Number of protein chains: 2
Amino acid sequence: MAEQDWRERLRSRGYRLTPQREMVLRAVDELGHATPDEVLGKVREQSSAINISTVYRTLEVLEELGLVRHAHLSDRAPTYHSISDHEHFHLVCRNCQKVVSVDPDVLKPLTDRLEADGFVADVGHLTVFGHCTTCPPTEESS
Amino acid sequence: MAEQDWRERLRSRGYRLTPQREMVLRAVDELGHATPDEVLGKVREQSSAINISTVYRTLEVLEELGLVRHAHLSDRAPTYHSISDHEHFHLVCRNCQKVVSVDPDVLKPLTDRLEADGFVADVGHLTVFGHCTTCPPTEESS
DNA sequence: TTAGTTGCAAATATTTTGCAACCGC
DNA sequence: GCGGTTGCAAAATATTTGCAACTAA
């Protein structure tokens with residue numbers, strides 16, 4: 001997404017352009033996939049201080065504007081990622097914890113089928129848990 | 001799953017058969033999909049008291065034994081369901097909140113493709129968010 | 001008897017909220 | 001200056017853990 005774009009998108013909806021929002025968006029971009037807490041850490045590491053509640057509120061705004069998205073890559077906290085990447089869904093290996101981003105095309109057969117049955121899938125939010133065949137399955141992955 | 005089966009499965013792994021475990025398993029069966037807190041409520045409603053931490057610990061054991069599974073049907077708490085049902089995955093509509101259980105066959109094209117790429121999906125844990133075409137999309141669902 | 005379980009309270013972890021001070025436009 | 005934002009602390013939620021008492025086998 002172009003530099004200009006997100007500034008404009010904030011303004012056009014009556015939101016203000018603040019340094020905190022700029023920092024959070026940059027942090028999400030740089031981190032790839034990050035929890036609110038990790039975003040907080042990244043922002044503090046790079047620049048000035050920012051409060052955790054501001055991070056939560058900012059991520060909410062940015063998601064509403066379609067600038068970031070979140071997915072659940074663990075059974076714990078959600079992770080946010082930038083939309084400047086192409087839309088994608090995630091695979092998470094319960095053995096090696098590796099996260100792989102996959103092109104939505106792979107989902108086409110599924111989404112087509114679901115749509116025929118009256119359901120439009122939110123591909124960007126989807127996370128498929130499982131395990132890599134190169135990872136020996138453990139008790140945990142059962 | 002047969003009555004006998006789960007008792008045996010507990011014992012064979014060195015676990016004890018306690019009234020709490022029996023009550024939790026029954027509650028999950030009867031509730032369909034339920035959060036730990038809802039399971040607590042159901043157990044208390046039907047029989048005697050039980051502690052919330054026991055519910056958490058019991059669900060963990062039951063899941064390890066393959067007697068229940070959990071999925072994330074909201075951005076909040078996980079929901080547990082019995083395995084006496086056939087394996088299935090879930091669709092969740094962000095508009096009407098309706099949860100639909102879907103046969104794994106529908107996922108075949110996807111899982112085959114992923115397996116070809118070296119990833120075995122955990123179908124039972126999968127939840128697809130989106131919206132019913134019969135639900136008018138709202139801001140929330142964007 | 002004895003090792004696994006439970007209840008309870010306290011500790012963690014995560015997210016939300018009220019509100020006064022602050023600042024982008 | 002006005003109204004949206006932020007920081008801070010406290011509240012609300014959700015989950016985990018230590019440990020003594022309890023109990024299934």
Side-chain angles (χ1 to χ4, degrees), chain A residues 4 6-28 33-44 46-65 67-68 70-80 140, chain B residues 4 6-28 33-44 46-65 67-68 70-80 140:
Chain A
Q4 212 46 43
W6 63 268
R7 296 169 187 275
E8 186 46 44
R9 206 181 290 203
L10 276 171
R11 272 195 284 261
S12 68
R13 295 256 209 139
Y15 288 116
R16 288 183 185 167
L17 185 60
T18 67
Q20 286 90 339
R21 287 176 175 162
E22 189 166 350
M23 293 188 292
V24 167
L25 184 55
R26 179 148 27 91
V28 170
H33 299 101
T35 62
D37 195 59
E38 291 166 341
V39 170
L40 176 72
K42 186 71 176 180
V43 170
R44 285 189 166 158
Q46 298 197 332
S47 11
S48 55
I50 185 177
N51 191 276
I52 183 64
S53 54
T54 299
V55 172
Y56 276 101
R57 288 186 284 223
T58 299
L59 288 171
E60 192 180 359
V61 168
L62 295 179
E63 183 155 39
E64 183 194 330
L65 295 178
L67 296 169
V68 304
H70 81 274
H72 303 273
L73 303 185
S74 79
D75 284 343
R76 322 254 353 184
T79 64
Y80 287 79
E140 296 307 327
Chain B
Q4 212 46 43
W6 62 268
R7 296 168 188 277
E8 187 45 46
R9 206 181 289 202
L10 276 171
R11 273 195 284 261
S12 67
R13 295 256 210 137
Y15 288 115
R16 287 182 186 169
L17 186 60
T18 68
Q20 286 89 341
R21 285 174 178 164
E22 190 167 351
M23 295 187 292
V24 166
L25 184 54
R26 178 148 28 90
V28 170
H33 299 101
T35 61
D37 195 58
E38 290 165 342
V39 170
L40 175 72
K42 186 71 175 177
V43 169
R44 285 188 166 160
Q46 298 198 331
S47 13
S48 56
I50 184 175
N51 191 276
I52 184 64
S53 54
T54 300
V55 172
Y56 276 102
R57 287 187 285 223
T58 300
L59 288 171
E60 191 180 359
V61 168
L62 295 179
E63 183 155 37
E64 181 193 332
L65 295 178
L67 296 169
V68 304
H70 82 273
H72 302 274
L73 303 186
S74 78
D75 284 343
R76 321 251 358 183
T79 64
Y80 287 80
E140 296 309 325

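From a predicted model like this one, the values you see are computed outputs, not experimental measurements. Throughout, a chain's letter reflects where its sequence line sits, starting with A, and its residues are numbered from 1.
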A.B. asks: Less than 4.5 Å apart, any side-chain heavy atom of B:R26 and any of B:K42?
C.D. replies: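 Heavy-atom side-chain distance check fails, nothing below 4.5 Å.
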
A.B. asks: Establish whether the base of C:dG7 is bridged to the side chain of B:R57 by a donor-acceptor pair shorter than 3.5 Å.
C.D. replies: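 When only heavy-atom distances are counted, B:R57 does reach the base of C:dG7 through a donor-acceptor pair under 3.5 Å.
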
A.B. asks: For A:S53, answer base if it contacts any base atom (sugar-phosphate contacts may also be present), sugar-phosphate if it contacts only those atoms, and nothing otherwise; contact means non-hydrogen atoms under 4.0 Å.
C.D. replies: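 Base, at least one base atom sits under 4.0 Å.
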
A.B. asks: Between D:dA14, C:dG7, D:dG7, which one does the side chain of A:I50 approach most closely?
C.D. replies: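 Comparing D:dA14, C:dG7, D:dG7 against the side chain of A:I50, the answer is D:dG7.
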
A.B. asks: Applying side chain to side chain donor-acceptor pair (under 3.5 Å) between B:Y15 and each of B:E64, B:R21, B:R9, report the one that passes.
C.D. replies: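 Single pass found, and it is B:E64.
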
A.B. asks: Among the candidates D:dT5, C:dT15, D:dT15, find the nucleotide nearest to the side-chain atoms of B:P78.
C.D. replies: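 Of the options given, the side chain of B:P78 lies nearest D:dT15.
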
A.B. asks: Output the rounded distance in Å from CG (A:N51) to C1' (C:dT17).
C.D. replies: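 Going from CG in A:N51 over to C1' in C:dT17 covers 12 Å.
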
A.B. asks: Counting side-chain heavy atoms from CB outward, which of C:dT5, D:dT15, C:dG7 is closest to B:Y15?
C.D. replies: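 Of the candidates, C:dT5 comes closest.
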
A.B. asks: Distance check needed: C:dA13 P versus A:L40 CG, whole Å only.
C.D. replies: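 Going from A:L40 (CG) to C:dA13 (P), I get 15 Å.
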
A.B. asks: Measure from CG on B:D37 to C1' on D:dA12 and round the result to the nearest Å.
C.D. replies: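 From B:D37 CG to D:dA12 C1': 13 Å.
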
A.B. asks: Just how far, in rounded Å, is P of C:dT14 from NE2 of A:H72?
C.D. replies: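 Distance, rounded to whole Å: 14 Å.
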
A.B. asks: Would the base of C:dA3 count as contacting B:R16 through its side chain, where contact means a donor and an acceptor less than 3.5 Å apart?
C.D. replies: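 Answer yes: a donor N or O sits under 3.5 Å from an acceptor.
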
A.B. asks: Choosing from C:dT5, C:dC25, D:dG7, which nucleotide comes nearest the side chain of A:L17?
C.D. replies: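 When the side chain of A:L17 is considered, C:dC25 is the closest of C:dT5, C:dC25, D:dG7.
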
A.B. asks: For B:H70 and B:Y80, take the angle between the two ring planes, folded into 0 to 90°, and tell me which bin it lands in: parallel under 30, tilted 30 to 60, perpendicular over 60.
C.D. replies: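 Correct class here is tilted.
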
A.B. asks: Got A:V28 and A:L59 here, is their nearest side-chain heavy-atom distance under 4.5 Å?
C.D. replies: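 Side-chain contact under 4.5 Å: yes.
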
A.B. asks: How long is the line joining CZ of A:R76 and C1' of C:dT15, in whole Å?
C.D. replies: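 Distance, rounded to whole Å: 13 Å.
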
A.B. asks: If only side-chain N and O atoms of A:Q20 are considered, is one of them under 4.0 Å from the OP1 or OP2 phosphate oxygen of D:dG7?
C.D. replies: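 Affirmative; the distance criterion is met.
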
A.B. asks: Is any side-chain heavy atom of A:H33 closer than 4.5 Å to one of A:E38?
C.D. replies: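 Not touching, per the 4.5 Å side-chain cut-off.
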
A.B. asks: Between D:dT6, C:dC25, C:dG24, which nucleotide gets closest to the side-chain atoms of A:P19?
C.D. replies: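 Closest nucleotide to the A:P19 side chain: C:dG24.
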
A.B. asks: Nearest whole angstrom, please: distance from the P of C:dT5 to the CD of B:E64.
C.D. replies: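 In whole Å, C:dT5 P and B:E64 CD are 10 Å from each other.
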
A.B. asks: B:T18 has a side chain; which of C:dT6, C:dT14, D:dC8 sits nearest to it?
C.D. replies: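 Looking only at heavy atoms from C-beta outward on B:T18, the closest nucleotide is C:dT6.
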
A.B. asks: Using a cut-off of less than 4.0 Å, is there contact between a side-chain N or O of A:Y56 and OP1 or OP2 of C:dT15?
C.D. replies: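 For C:dT15, OP1/OP2 do have a side-chain N/O of A:Y56 under 4.0 Å.
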
A.B. asks: Return the value, rounded to whole Å, for the distance between atom CZ of A:R11 and atom P of D:dG4.
C.D. replies: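 Rounded to the whole Å, the gap is 17 Å.
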
A.B. asks: May I have the distance from B:D75 (atom CG) to C:dT14 (atom C1'), rounded to whole angstrom?
C.D. replies: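 These atoms are roughly 14 Å apart.
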
